Amino acid sequence: MYETILSPINYGGLTLKNRIIFAPTSMGLPREQWLERMRTISAGGCAMIIIGDVPVSKHGFGPSLYTKKGRALYQELARIVHGEGCLLCAQLHQSDSNLKAMLKYVPGVLGKKISMEQLRPLLNEEVGPYITGLPAKKVQEITDSFGVAAGLAKEIGFDMVQVHGDRMCGSFSSPLYNHRQDEYGGSPENRARFAVEAVEAVRRALPDIPIDFKLPVRQETPHYGNAGVLEEELGTFIPLLEEAGVTSFHVTLANHGSLTDTIPPRSHPYFGEEGCFLKFCDRVKAVTKLPVCGVGGLTDPDFVERQLAGGRIDCAAMSRQLLADPNWPKKVAEGNLAHLHRCVRCNRECLGGMMAHRGVHCIYDQKEEQS
Ligand SMILES: Cc1cc2nc3c(=O)[nH]c(=O)nc-3n(C[C@H](O)[C@H](O)[C@H](O)COP(=O)(O)O)c2cc1C
Ligand code: SF4
């Protein structure tokens, strides 16, 4: 009944055992809890886990590919995930937050005069000047570091890398932030240059590795997402990215609006439906023959099967659904749908846990342990 979900696919040269991918999801959990969560998700039957926000820079936040401790953590992760028959992908990430500009808000945050919700738009205001003012030499150092990070990730045991096309790539792509007058600003070709150079750096370092690209699409009517690529500019960006070495696209809404737009609750006025971002996949599919992975509100096995079987998408990535029920792929394979915990897109313990610095959890956590 779910033949397409359960069928293997050649994804940029890598064989995925089925079409379900754990979307990049930063968890904010202590080491052992995080490793256990990744074990549970890989044991639940998905084909690949994408680890969110792996920093390409030596000074980025989160476990580092450049330190002994960070490498040991990722090696342990690779051992666990591979042991469960699942593949592992590193989302290579460069933040577009200006650390120097952030410092001026520290007293306000510490003194509780600025809440985390108030801090986000303040930091967003800093992105444009930061992106526009970065010296070209520094830009090239950053794009080169995508290649260095990819090499380290491969050495550690990651099977694939995903270039995070949002954050710094996404801000360079968008004329809302990028007001540069050099070869990185102005025309769509110039605004694509940062992302293209990042992908080229990975391809130079690793001629054979599959390179997924998280492609953030901006929508103008109505306006959602500030970074990323305008729908009308996909026809320029995608061929350039393909030529640089991308082997698949992971398509979603662009960032730098509100987090509840890219991780939309069921009550969202525009993206509350099952498969809320798939219309962007349609736009991408019209331009490329490479595999396209959809993400966003994918929870229902019948719906997911229809999208895959109809060729609208080639893979389905899920973040919250696999937090709600890591055994979704296994239960679908066994026809055990009665015991499926369906993500209700409430955002209470996942995004809510992250925002409250409690770590990412789910309202079903207790129940899942018992089932
Ligand atoms: C708690 C949480 C953390 C996330 N962290 C990341 C991340 O590190 N990198 C990223 O690109 N997307 C991140 N996302 C976005 C997801 O990859 C996904 O695009 C989004 O949640 C929509 O898919 P879903 O409806 O299956 O949850 C995160 C989502 C959640 C819920
Ligand atoms: S807390 Fe709600 S939205 Fe988040 S994963 Fe669980 S059911 Fe889904």
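Just so it is clear, the values below take in all heavy atoms, side chains as well, and ignore hydrogens, waters and symmetry mates. If you're wondering where the values come from, they're calculated on a predicted model, not measured in any experiment. Remember, it's 1-based here, ligands and their atoms both numbered in the order they're listed.
What sits closest to atom 30 (C) of ligand 1 on the protein, heavy atoms only, is I263 CD1, 3.6 Å. Nearest protein heavy-atom neighbour of atom 3 (S) of ligand 2: N347 N, 3.0 Å. Among protein heavy atoms, the minimum distance from atom 26 (O) of ligand 1 is reached at S319 N, 2.9 Å. Nearest protein neighbour of atom 1 (S) of ligand 2, counting heavy atoms only, is E349 N, 3.5 Å. From the protein, the heavy atom lying nearest to atom 16 (C) of ligand 1 is P24 O, 3.5 Å. Nearest protein neighbour of atom 4 (Fe) of ligand 2, counting heavy atoms only, is C350 SG, 2.4 Å. Of all protein heavy atoms, the one closest to atom 8 (Fe) of ligand 2 is C343 SG, 2.4 Å. Considering only non-hydrogen protein atoms, atom 5 (S) of ligand 2 sits nearest to R320 O, 3.4 Å. Looking from atom 1 (C) of ligand 1 to the surrounding protein, the closest heavy atom is V360 CG2, 3.5 Å. Of the protein's non-hydrogen atoms, the one nearest atom 5 (N) of ligand 1 is S26 N, 2.9 Å. The protein heavy atom nearest to atom 2 (C) of ligand 1 is T25 CG2, 3.6 Å.
In terms of polar-atom proximity, defined here as any N/O pair under 3.5 Å, G297 does make such a contact with ligand 1. Residue-to-ligand polar distances place R320 within reach of ligand 1: an N/O pair is separated by less than 3.5 Å. For ligand 1, none of its N or O atoms has an N or O atom of T252 under 3.5 Å away. By the 3.5 Å distance cut-off applied to N or O atoms, Q91 is counted among the residues near ligand 1.
Judged by distance alone, the side chain of E126 and the main-chain N or O of N98 form no donor-acceptor pair under 3.5 Å. Side-chain atoms of Q181 never come within 3.5 Å of backbone atoms of G186 as a donor-acceptor pair (strictly under, hydrogens ignored).
Residue T262 has at least one heavy-atom neighbour below 4.0 Å for each of these atoms of ligand 1: 20 (C), 22 (C). Heavy-atom proximity to G52, at under 4.0 Å, picks out these atoms of ligand 1: 8 (O). Residue contact check: M318 has heavy atoms under 4.0 Å from atoms 26 (O) of ligand 1. Each of the atoms 17 (O) of ligand 1 lies under 4.0 Å from some heavy atom of A23. Interface of G296 with ligand 1, defined as ligand atoms under 4.0 Å from a residue heavy atom, comprises 22 (C), 23 (O), 25 (O).
The heavy atom nearest to atom 6 (Fe) of ligand 2, considering only C362, G353, G297, is found in C362.
Within the 4.0 Å heavy-atom criterion, neither part of Q321 lies near ligand 1. The backbone of R345, and not its side chain, has at least one atom closer than 4.0 Å to an atom of ligand 2 (non-hydrogen atoms only; backbone = N, CA, C, O).
If you run ring-ring contact (aromatic ring centres under 6.0 Å, His included) between Y224 and each of F277, F280, F271, only F271 comes through.
For the residue pair R266 and N347, no side-chain donor N or O sits within less than 3.5 Å of a side-chain acceptor on the partner.
Between H93 and F146, a ring centre-to-centre spacing not shorter than 6.0 Å is recorded. The ring of Y177 has its center no closer than 6.0 angstrom to the ring center of Y130.
Under the 4.0 Å criterion applied to side-chain N and carboxylate O atoms, E231 and R218 are not assigned as salt-bridge partners. Under a 4.0 Å N-O distance rule, the pair K138/E141 qualifies as a salt bridge. Looking at D300 and R342, a side-chain N of the basic residue comes within less than 4.0 Å of a carboxylate O on the acidic one, giving a salt bridge. A salt bridge links R79 with E76: the closest approach of a Lys/Arg side-chain nitrogen to an acidic carboxylate oxygen falls below 4.0 angstrom. A salt bridge links K285 with D314: the distance from a Lys NZ or Arg NE/NH1/NH2 to an Asp or Glu carboxylate oxygen falls below 4.0 Å. A salt bridge between R71 and E155 is absent, with no side-chain N of the basic residue lying under 4.0 Å from a carboxylate O of the acidic one. Between E32 and R37 no salt bridge is recorded (no basic side-chain N to carboxylate O distance below 4.0 Å). Looking at K154 and D208, no side-chain N of the basic residue comes within less than 4.0 Å of a carboxylate O on the acidic one, giving no salt bridge.
At least one heavy atom of K214 sits closer than 4.0 Å to an atom of ligand 1.
C346 lies close to atom 2 (Fe) of ligand 2, since one of its N, O or S atoms is found at a distance under 2.8 Å.
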